[in-house]
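Worksheet: one structure, shown below.
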There are 2 protein chains.
Amino acid sequence: MEVDAATAPKGRPREFCVDAALAAALRVFWSKGYEGASMADLTEAMGITKPSLYAAFGNKEALFNKALDLYEREKADFMRAALEAPTARGVAERLMYGALDLYSCPDNPDGCLEVINSVACGAEAECVRKAVVARGAAIQQAMRERFARARDAGDFSADTNPDGLAQFLIAVNQGMAVQAGAGATRAELERLVETSLKLWPGR
Amino acid sequence: MEVDAATAPKGRPREFCVDAALAAALRVFWSKGYEGASMADLTEAMGITKPSLYAAFGNKEALFNKALDLYEREKADFMRAALEAPTARGVAERLMYGALDLYSCPDNPDGCLEVINSVACGAEAECVRKAVVARGAAIQQAMRERFARARDAGDFSADTNPDGLAQFLIAVNQGMAVQAGAGATRAELERLVETSLKLWPGR
DNA sequence: CGACTTCCATAACGGCTGGTATATAAGTGA
DNA sequence: TCACTTATATACCAGCCGTTATGGAAGTCG
């Protein structure tokens, strides 16, 4: 027996798709934030009842973390990919245009899930805020290292601080997310991207 | 009679200072956001009971709006003042260093009240979010007009879009606020300011 | 001294929060 | 068919939310 463990789901099978439910939850967190998203909002969007949600995902915080994983894996992957561009300018271009697409895509909520949930919040949400901030710090660290290599490669003049450049690029990205969440049009965000890249130093 | 209306406060006098209570409320909203700040948080910080709060300020939303007024009047006034600098670069310098001081002052909560409350939120807070976003739009409009004049004055080359420059400056400012709220040190924010100003075009 | 007005303190309101106990339905394997 | 396991549906929990009614305290005015 036990030839295939995956084909032996004892008990009643669940009636919903976990991945689809998680994607729906991501949309809710993305548009309302962790605190602003109530369990009622989530269950309605996911099309399941509360006990099903708790059985499948644990609790609200665990659900958020799984949604955050999904976001980084499927939505914000352009950030990691941007670091592989051949020059510092290429990194900036890929990051800004990737962010532009993500933040202004009509199929998505406006703005950035991580920016939304890294700003101030109530006491109960502090732990998830910390988690989000930690992920942002990891991205920033990777970008610093990338720009340190870029400086050694001569992508920009040696008197420009690569750490400052990384921080600058992330700041513009965050500002774009804030403006997208505040209702900026895609054309406006495009103008921001183009202005920023025009000011970008070196190659 | 009625020689001086201000010296005839009939009834029992209130036992707290309205201005001090409002300042305390501002601090709470500033560190936790509108939704994250509970009435219990507010009354405790303000040193008054809930009925006193309602009698003096109306309700939570009205209290927030008064705190927002106070914030713009006493904390974020550097934004308006920055527009009076003689050149576009001067505007950028005053704005960035003013923001640096505000966002990293040890006496204040970290970050920017308006950025915090302009990102996604639950349904109940939508109206106050709209109000905050509208104020931001007013600032951006004023900055656009300022940079249109700066372009006419030759502060930067004519092929640079003044609207884009205004949007860029605000985006960096918003990004700095996000990073300040996420725990960035003053030195890190200083590096961001210096990097941004080094990239600023023209005079 | 009262009459009047305003403020403070307690306590409670209905409603919503995240989370769960209970009972039933739907599948497995023997 | 019958035990076993797991998912669903309903209903409910204690606790907090923003808000307010009530009773008494602290003032001014006549």
Side-chain angles (χ1 to χ4, degrees), chain A residues 1-22 25 28-29 32-67 117 121-129, chain B residues 1-22 25 28-29 32-67 121-128:
Chain A
M1 323 305 182
E2 190 93 21
V3 291
D4 191 347
T7 61
K10 293 191 297 189
R12 175 176 175 176
R14 59 165 47 100
E15 298 175 355
F16 64 94
C17 169
V18 174
D19 289 344
L22 183 58
V28 177
F29 284 130
K32 298 192 170 191
Y34 177 77
E35 285 193 293
S38 71
M39 296 302 295
D41 293 331
L42 291 164
T43 52
E44 182 185 357
M46 300 166 81
I48 63 178
T49 59
K50 277 196 277 186
S52 296
L53 190 157
Y54 276 82
F57 300 101
N59 61 8
K60 187 183 179 183
E61 182 179 346
L63 175 63
F64 178 83
N65 282 110
K66 289 186 172 70
N117 292 101
C121 61
E124 284 205 359
E126 264 307 314
C127 51
V128 358
R129 191 176 86 96
Chain B
M1 321 303 186
E2 191 89 23
V3 291
D4 192 347
T7 60
K10 291 190 297 188
R12 176 176 174 176
R14 60 164 47 102
E15 297 175 356
F16 64 94
C17 169
V18 173
D19 289 344
L22 183 58
V28 177
F29 284 129
K32 298 192 170 192
Y34 177 76
E35 284 193 294
S38 72
M39 296 302 295
D41 292 332
L42 291 164
T43 51
E44 182 185 357
M46 299 165 81
I48 64 178
T49 60
K50 282 195 271 188
S52 297
L53 189 157
Y54 277 82
F57 300 101
N59 61 9
K60 186 183 180 184
E61 182 178 346
L63 174 63
F64 178 83
N65 281 106
K66 289 187 172 68
C121 62
E124 285 203 358
E126 263 311 310
C127 50
V128 354

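Below, chain A is the first sequence line, B the second, and so on; all start at residue 1.
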Figure out the [atom1]/[atom2] separation between [X] and [N], and round it to whole Å.
{"X": "B:Phe57", "N": "C:dC7", "atom1": "CZ", "atom2": "C1'", "answer": "14 Å"}
{"X": "B:Lys32", "N": "D:dC16", "atom1": "NZ", "atom2": "P", "answer": "13 Å"}
{"X": "B:Lys60", "N": "D:dT19", "atom1": "NZ", "atom2": "P", "answer": "8 Å"}
{"X": "B:Glu44", "N": "D:dC16", "atom1": "CD", "atom2": "P", "answer": "14 Å"}
{"X": "B:Leu63", "N": "D:dT19", "atom1": "CG", "atom2": "C1'", "answer": "14 Å"}
{"X": "B:Glu124", "N": "D:dC16", "atom1": "CD", "atom2": "P", "answer": "18 Å"}
{"X": "B:Met39", "N": "C:dA11", "atom1": "CE", "atom2": "P", "answer": "19 Å"}

What one should report as the nearest heavy-atom pair of A:Glu126 and A:Cys121 is OE2-SG, 3.7 Å
Rounding to 0.5 Å, atoms NZ (A:Lys32) and CG (A:Asn117) come to a distance of 13.5 Å
Taken to the nearest 0.5 Å, the spacing of A:Ile48 CD1 from A:Phe57 CZ works out to 6.0 Å
Counting primed atoms, P, OP1 and OP2 as sugar-phosphate and everything else as base, the B/S/- map of nucleotides 3-14 of chain D against protein heavy atoms under 4.0 Å is --BBBSBB----
(message) Students often mix this up, so state it plainly: with edges at 30° and 60°, are the rings of B:Phe29 and B:Tyr34 parallel, tilted or perpendicular?
(response) parallel
By the 4.0 Å heavy-atom rule, please label B:Ala123 as base, sugar-phosphate, or nothing. nothing
Short side-chain N/O contact to D:dT19 OP1/OP2 from B:Tyr54, under 4.0 Å:
yes
- Message: So, does B:Asn59 get its side chain near the phosphate of D:dG18, meaning an N or O under 4.0 Å from OP1 or OP2?
- Response: no
5'-most contact on DNA chain C (nearest-nucleotide basis), A:Gly58 vs A:Asp41, goes to A:Asp41
Taking A:Glu35 for its side chain and B:Glu35 for its backbone only, find out whether a donor-acceptor pair lies under 3.5 Å.
no
- Donor-acceptor under 3.5 Å (B:Lys60 side chain, B:Ala37 main chain): yes
Next on the checklist: Before you tell me yes or no, could you show the steps for A:Leu63 and A:Leu22 under side chain to side chain contact (heavy atoms under 4.5 Å, CB included), namely the whole-Å CA-CA distance, both residues' side-chain angles and the distance that decides it to 0.1 Å?
Outcome noted: CA-CA 8 Å; A:Leu63 175 63; A:Leu22 183 58; 3.8 Å; yes
